[in-house]
Amino acid sequence: MDGATASSLPLLLVNLVCAAVALGIGFVAGGWFLGARETTPADPGRSTDADEALEQLMAAERSAFASSRLKDLARGMATDVGEHSSQVEKITADLEAAKTSPEAQKEAEVSAALEKIVAANEQLQQKLVKAEQQIQAQAEEIRAHESEARTDSLTKIANRRAFDDHLQQRFAEWTRKATPFSLIILDVDHFKQFNDTHGHQAGDEVLRQVAQKLEQTVREMDIACRYGGEEFALILPATIARDATGLAERIRKGIESLQITFEGKKLSVTASLGLAQVNSEDDGNRLLKRADEALYSAKDAGRNCGYYHEGQLCVPLVGDAEAAPATTPSPAAEDRVPTNNLDKLPNRTLFAEELRRRIAESERTGEPISVVAIEVTAFKAVCQEYGD
């Protein structure tokens, strides 16, 4: 091992120490944010201040403990750097002194110096391996804390903080690439009355079951969140309202079909849904407001149904062609298409996912692929003249 290699090792450890210190600082900031984060709004009438305070205290203690471990690790690594640097400096001085030694003695001194370098580097390597393992363990703990901070403690799905982050990401993608997305907000019908009748524990079980049904119904790419209380929200990336309509109806029917057993009682609930697709006039607040207006239209219509905010008006989501309203839709609703048997076909989002998979497969295997695009001529004119 030459002098350049030996001298590069302290620099490597210095970088590692800096990384550990930066990791510690990041963890302290994350712990502070975790302890100060907003908790999910409680159901009306429920007192959870003590539980929330205890949860925040435990999170802060875990963060402080992990931060302390990182600081100890950084101090230990700094000590190791100092010791190794001192050893290298001493060996370098011995090699310089050997230059003036007789030839017979010089060979022995150089050999001894090389042995010392090998021993010092082996010791350093062992410490590096141990430090890497410790840093990896701390990184895993940080990821666990971050996941916990973005997960609703009751339903185990994403919480409001995660929802806000994902919504911001979708808007950034919409701004950069004009990639559309849709938002669904749903509310468990008459939930306060349900709690008053059956108790809050039964209400908690209902929320858990609804969250589980959402996870089972949505696609892997969709984000299901507990928005607050008995409200849930779903972000549908790269999805237009036409495609989201079928999913919204499947969610509504899935919740309606839930049979929840609690303390020997058979319970059931329904949900109302509001759907909105992002448009050029939207920001996060406006899109949420439009979805919320659609949700309240569903409640005003008798609940256990869904409405779509098309930009100006809220119109009902149609479960099938036979269920279409007798009234003629407004011209502004031309983008609205009732859910029918065509929804059994993959939508454009699934097509894009499958196309990316096939392209990657083609690049690996060299097998060619082809795509056929078919467009029905004057489709809107046909619908206007003959109906959906």
Side-chain angles (χ1 to χ4, degrees), residues 174 178-186 217-219 221-222 234-257 270-282 286-287 290-355 358 370-388:
W174 163 252
T179 303
F181 69 95
S182 296
L183 173 66
I184 295 175
I185 295 182
L186 68 91
T217 307
V218 300
R219 304 162 300 180
M221 63 188 291
D222 300 330
L234 296 98
I235 300 175
L236 314 178
T239 304
I240 60 174
R242 183 194 304 267
D243 296 331
T245 299
L247 175 61
E249 183 62 11
R250 287 193 296 274
I251 289 172
R252 186 196 65 79
K253 289 182 177 179
I255 295 174
E256 184 182 32
S257 66
T270 59
S272 303
L273 301 91
L275 166 66
Q277 176 187 328
V278 68
N279 64 35
S280 58
E281 299 178 357
D282 279 332
R286 188 175 184 276
L287 179 63
R290 292 201 296 115
D292 208 44
E293 289 176 359
L295 170 62
Y296 277 93
S297 294
K299 291 182 178 182
D300 292 341
R303 303 177 189 264
N304 192 25
C305 61
Y307 267 68
Y308 165 48
H309 196 298
E310 60 186 16
Q312 299 297 327
L313 301 173
C314 293
V315 296
L317 299 177
V318 182
D320 49 56
E322 289 74 25
T327 56
T328 303
S330 65
E334 64 178 359
D335 288 336
R336 170 176 156 264
V337 176
T339 305
N340 50 41
N341 290 334
L342 290 177
D343 285 326
K344 296 178 181 178
L345 295 173
N347 60 21
R348 68 169 67 187
T349 302
L350 296 179
F351 168 77
E353 291 175 349
E354 181 66 14
L355 182 60
R358 295 293 184 179
S370 300
V371 176
V372 177
I374 301 173
E375 180 180 2
V376 179
T377 305
F379 181 70
K380 287 187 178 180
V382 172
C383 290
Q384 290 172 358
E385 184 171 353
Y386 300 103
D388 289 326

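Predicted model, so just to flag it, every value in this text is computed and none were measured. Numbers for residues simply follow the sequence, beginning at 1.
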How long is the span from the [atom1] atom in [X] to the [atom2] atom in [Y], to the nearest 0.5 Å?
X: L247; Y: L275; atom1: CG; atom2: CG; answer: 9.5 Å
X: T217; Y: E249; atom1: OG1; atom2: CD; answer: 12.0 Å
X: L183; Y: D292; atom1: CG; atom2: CG; answer: 9.5 Å
X: L234; Y: I184; atom1: CG; atom2: CD1; answer: 5.5 Å

Quick check: closest heavy atoms across [X] and [Y], and the distance to 0.1 Å?
X: E310; Y: R290; answer: C-NH1, 4.4 Å
X: W174; Y: T179; answer: CE3-O, 3.4 Å
X: L273; Y: I251; answer: CD2-CG2, 4.1 Å
X: A301; Y: C305; answer: CB-SG, 4.1 Å
X: P237; Y: I235; answer: CD-O, 3.3 Å

Non-neighbouring partners of T270 that pass side-chain hydrogen bond (donor to acceptor under 3.5 Å, both in side chains), sequence neighbours left out = D189
ask   = Residues in side-chain hydrogen bond (donor to acceptor under 3.5 Å, both in side chains) with N304, at least two apart?
value = R252, E256
query = Backbone N or O of L236 within a donor-acceptor pair of the R219 side chain at under 3.5 Å?
reply = no
task = Check whether any side-chain N or O of T239 sits under 3.5 Å from a backbone N or O of S182 as a donor-acceptor pair, and report yes or no.
result = no
query = With S297, which residues qualify under side chain to side chain contact (heavy atoms under 4.5 Å, CB included), at least two apart?
reply = Y307, C314
Set of side chain to side chain contact (heavy atoms under 4.5 Å, CB included) partners for E281, sequence neighbours left out = N279, R286
Non-neighbouring partners of R303 that pass salt bridge (charged side-chain N to carboxylate O under 4.0 Å, His left out), sequence neighbours left out = none
ask   = Do I255 and L186 pass the side-chain contact (heavy atoms from CB on, under 4.5 Å) test, and can you show the C-alpha distance, the side-chain angles, and the key distance before you say yes or no?
value = CA-CA 11 Å; I255 295 174; L186 68 91; 4.2 Å; yes
Which residues share a ring pair (Phe, Tyr, Trp, His ring centres under 6.0 Å) with F181, sequence neighbours left out = F171
